[in-house]
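Right, one structure below, let's go through it.
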Amino acid sequence: MSRIDNAGGKLFCSRMNNEQIIEWYRQFVMTTYAPSISLVRGRGARVWDADGREYLDFLAGIAVTGVGHCHPAVTKAIRQQAGRLVHVSNLFYNENQPRLAQALVERSGLAGGKCFFCNSGAEANEGLIKLGRLWGHDQGRYEILTMRNSFHGRTLATLTATGQDKVQKGFEPLPAGFAYADFNNLASVRAAVTDKTSAILTEAVQGEGGILAADPDFMLGLRALCDEKNLLLLCDEVQCGMGRTGRWFGYQHYGVQPDAFSLAKGLGNGYPIGAVVAGPKLANLFQPGHHASTFGGTPLACAAALATIETLDAEGCLENAVKMGALFVERLQRLAKKYPFILSVRGKGLMIAMVCDRPCKELEHLLRQQGLLALTTNNFLMRFLPPLNIKAPQVRRAVRMVDAACAAWLAKLAAPPPAG
Ligand SMILES: *Cc1c(COP(=O)(O)O)cnc(C)c1O
């Protein structure tokens with residue numbers, strides 16, 4: 001077994017191949033994930049593995065690297081800021097924080113809004129949950145109502161907010177104060193509201209739950225219900241935010257404004273940063289001592305996010321996501337006519353899924369063999385989350401690879417099972 005000998009202290013100069021790196025993981029890294037290749041380099045929509053193989057990356061770090069891997073503008077901003085000031089704690093001001101907060105508030109449409117910065121999606125959602133709790137506290141209201149099949153993170157509070165048994169199993173007792181309703185079913189939400197309910201938390205487009213967009217009537221209905229019952233409407237924009245759906249934030253497709261929303265994934269193009277963006281009702285609720293995060297909003301993290309936003313603007317990524325999303329969906333729908341196991345194609349912008357009539361992990365492997373990275377969601381869905389500055393020739397190339405992988409899958413499915 002190959003071991004690191006740390007020759008010359010060159011920890012980062014790995015010359016290991018995929019297999020050796022996998023074995024190294026087996027020994028020292030917890031098996032919370034099940035990857036199969038080791039990636040060593042990326043540029044735009046392309047990545048290379050430890051064996052030198054090139055892939056077209058249509059998952060972008062799970063909707064993270066929105067402007068592509070190692071975008072020169074983001075790399076430059078990180079390099080410059082890393083040489084100037086990395087971290088000072090929130091005991092001191094750093095001007096990158098209000099600069100980024102203003103950029104987000106202006107794009108959110110939440111006039112009078114303010115931001116809190118943290119490091120991940122789960123942490124941003126914890127911030128939303130705490131806002132919900134604090135807001136309802138004096139009236140004895142604390143319950144956060146979330147949707148079944150949602151995904152909000154893996155901390156104890158956010159896995160409880162997540163309406164899926166599979167992420168909760170084994171971690172009971174779960175924190176109190178959560179209730180569930182059915183996504184896109186307003187009657188179910190209304191029925192789940194009690195005199196303890198403080199807030200309704202939902203994704204505008206469910207990501208892990210299956211690339212399922214909210215119906216316009218549902219989002220409008222949630223807003224009306226919240227206004228009627230004096231509840232907060234909180235949106236988890238961790239996956240569908242930052243231009244992914246062709247608008248800055250998913251809720252902007254509906255003409256609805258949440259009272260606050262969370263961001264992370266695409267915010268720093270891979271540099272970890274999360275944010276809570278709150279509208280005027282909640283912008284001044286947290287006071288010193290209520291909430292904090294040591295690493296939240298460092299000069300470096302904010303610099304990465306600012307460069308990401310500037311690049312999304314400069315390269316017209318929102319319009320591109322709409323255009324390329326339409327092209328990709330249209331081409332995948334043609335494949336759906338050709339391959340009987342593809343039931344439908346759905347999505348918004350560049351958040352797209354192909355719905356299969358059977359578990360499709362095998363198709364994920366076949367796509368990888370073709371040189372295309374995508375990922376299975378909810379067993380039956382093949383999910384595509386390309387960078388938002390993807391070009392038409394790359395989309396067409398991806399479609400050819402999907403076509404070839406589907407043909408290989410069809411042949412496998414048609415082949416008689418091995419004898420014996
Ligand atoms: C990924 C995701 C999260 C969790 O984000 P982490 O950074 O992994 O904690 C929360 N909500 C949604 C909608 C997500 O897609």
Side-chain angles (χ1 to χ4, degrees), residues 105 108-116 124-153 157-164 174-206 209 212-238 240-241 249-263 276-287 290-291:
V105 168
S108 74
L110 304 184
K114 292 185 181 178
C115 294
F116 171 84
N125 287 331
E126 288 269 351
L128 288 184
I129 292 164
K130 281 181 72 174
L131 277 173
R133 286 266 179 113
L134 192 60
W135 188 77
H137 191 263
D138 289 349
Q139 302 137 8
R141 298 195 293 156
Y142 53 84
E143 208 162 71
I144 312 291
L145 183 52
T146 70
M147 304 304 137
R148 293 197 180 88
N149 240 4
S150 60
F151 186 83
H152 299 299
T158 58
L159 75 81
T160 307
T162 295
Q164 301 190 46
L174 300 176
F178 292 89
Y180 310 95
D182 292 331
F183 189 64
N184 277 341
N185 182 339
L186 207 53
S188 148
V189 177
R190 188 173 274 280
V193 171
T194 70
D195 58 0
K196 299 283 178 249
T197 310
S198 169
I200 296 174
L201 169 64
T202 188
E203 296 153 90
V205 184
Q206 287 191 336
L212 202 54
D215 297 332
D217 285 351
F218 182 67
M219 283 303 272
L220 289 164
L222 285 185
R223 182 68 269 178
L225 179 63
C226 287
D227 292 343
E228 175 197 325
K229 306 253 184 201
N230 198 23
L231 311 174
L232 298 174
L233 179 59
L234 307 174
C235 283
D236 180 341
E237 291 278 339
V238 170
C240 64
F249 309 111
Y251 64 80
Q252 292 173 328
H253 288 279
Y254 301 92
V256 159
Q257 291 201 333
D259 295 301
F261 65 92
S262 56
L263 289 172
V276 173
V277 185
K281 201 189 277 183
L282 296 173
N284 299 302
L285 186 63
F286 279 158
Q287 292 300 312
H290 275 139
H291 198 44

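E203 places a side-chain N or O within donor-acceptor distance of the main-chain N or O of F151, the cut-off being under 3.5 Å. Counting only distance, with no hydrogens or angles, the side chain of Q164 and the backbone of S150 share a donor-acceptor pair below 3.5 Å. Judged by distance alone, with hydrogens and angles left aside, the side-chain atoms of E237 form a donor-acceptor pair with the main-chain N or O of G250 at under 3.5 Å. Side chain of D182 to main chain of N185: no donor-acceptor pair is present (N/O by atom type, distance under 3.5 Å, no hydrogens or angles). Checked by atom type and distance alone, the side chain of R141 pairs as donor or acceptor with a backbone atom of T197 at under 3.5 Å. Not a single donor-acceptor pair under 3.5 Å links the side chain of Y180 to the backbone N or O of N149. Not a single donor-acceptor pair under 3.5 Å links the side chain of D236 to the backbone N or O of Q206.
E126 is linked by a side-chain contact (heavy atoms from CB on, under 4.5 Å) to T155, A157, T158, counting only residues two or more places apart in sequence or in another chain. A search for side-chain contact (heavy atoms from CB on, under 4.5 Å) contacts involving K281 returns W135, R223, L232, D259, not counting sequence neighbours. Applying the side-chain contact (heavy atoms from CB on, under 4.5 Å) rule to Y142 yields the partners R133, K196; only residues at least two apart in sequence or on another chain are considered.
Smallest separation of non-hydrogen atoms from A181 and A192: CB-CB, 4.2 Å. Nearest approach of Y254 to A204, heavy atoms of both residues: OH-O, 3.6 Å. Heavy atoms only, all atoms of each residue included: C115 and V277 are closest at SG-CG2, 3.9 Å. Looking at every heavy atom in both residues, G221 comes nearest to L186 through CA-CD2, 3.5 Å. In this structure, L263 and V238 approach most closely via the heavy-atom pair C-CG2, 4.2 Å. Scanning all heavy atoms of the two residues, the minimum distance from V276 to G127 falls at CG2-CA, 4.1 Å.
Counting heavy atoms from C-beta on, the side chains of I200 and M147 come closer than 4.5 Å. Residues F286 and K130 meet the side-chain proximity criterion, which asks for heavy atoms closer than 4.5 Å. Under the 4.5 Å side-chain criterion, counting only non-hydrogen atoms from C-beta, S108 is in contact with F261. Residues I129 and T160 form no side-chain contact, since every pair of their non-hydrogen atoms from C-beta on lies 4.5 Å or further apart. Side chains of T146 and T162 form no contact here, defined as non-hydrogen atoms less than 4.5 Å apart. Residues L234 and P258 are not in side-chain contact: their nearest non-hydrogen atoms beyond the backbone lie 4.5 Å or more apart. Residues V193 and L231 meet the side-chain proximity criterion, which asks for heavy atoms closer than 4.5 Å. You'll find the side chain of E143 reaches within 4.5 Å of the side chain of T194, heavy atoms only.
Separating the SG atom in C235 from the CG atom in L201 is a distance of 8.0 Å, to the nearest 0.5 Å. From D217, atom CG reaches atom CG of L222 across 11.0 Å, with rounding to the nearest 0.5 Å.
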Audit row: T202, V189, side chain to side chain contact (heavy atoms under 4.5 Å, CB included) steps and yes/no: CA-CA 11 Å; T202 188; V189 177; over 6 Å; no
Stepwise side chain to side chain contact (heavy atoms under 4.5 Å, CB included) check, L159 with L174: CA-CA 9 Å; L159 75 81; L174 300 176; 3.7 Å; yes
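Between H291 and F116, the ring planes lie tilted relative to each other; the angle falls in the 30° to 60° range.
In H290, the NE2 atom is crowded: over 12 heavy atoms of neighbouring residues, nucleotides or ligands sit closer than 6.0 Å.
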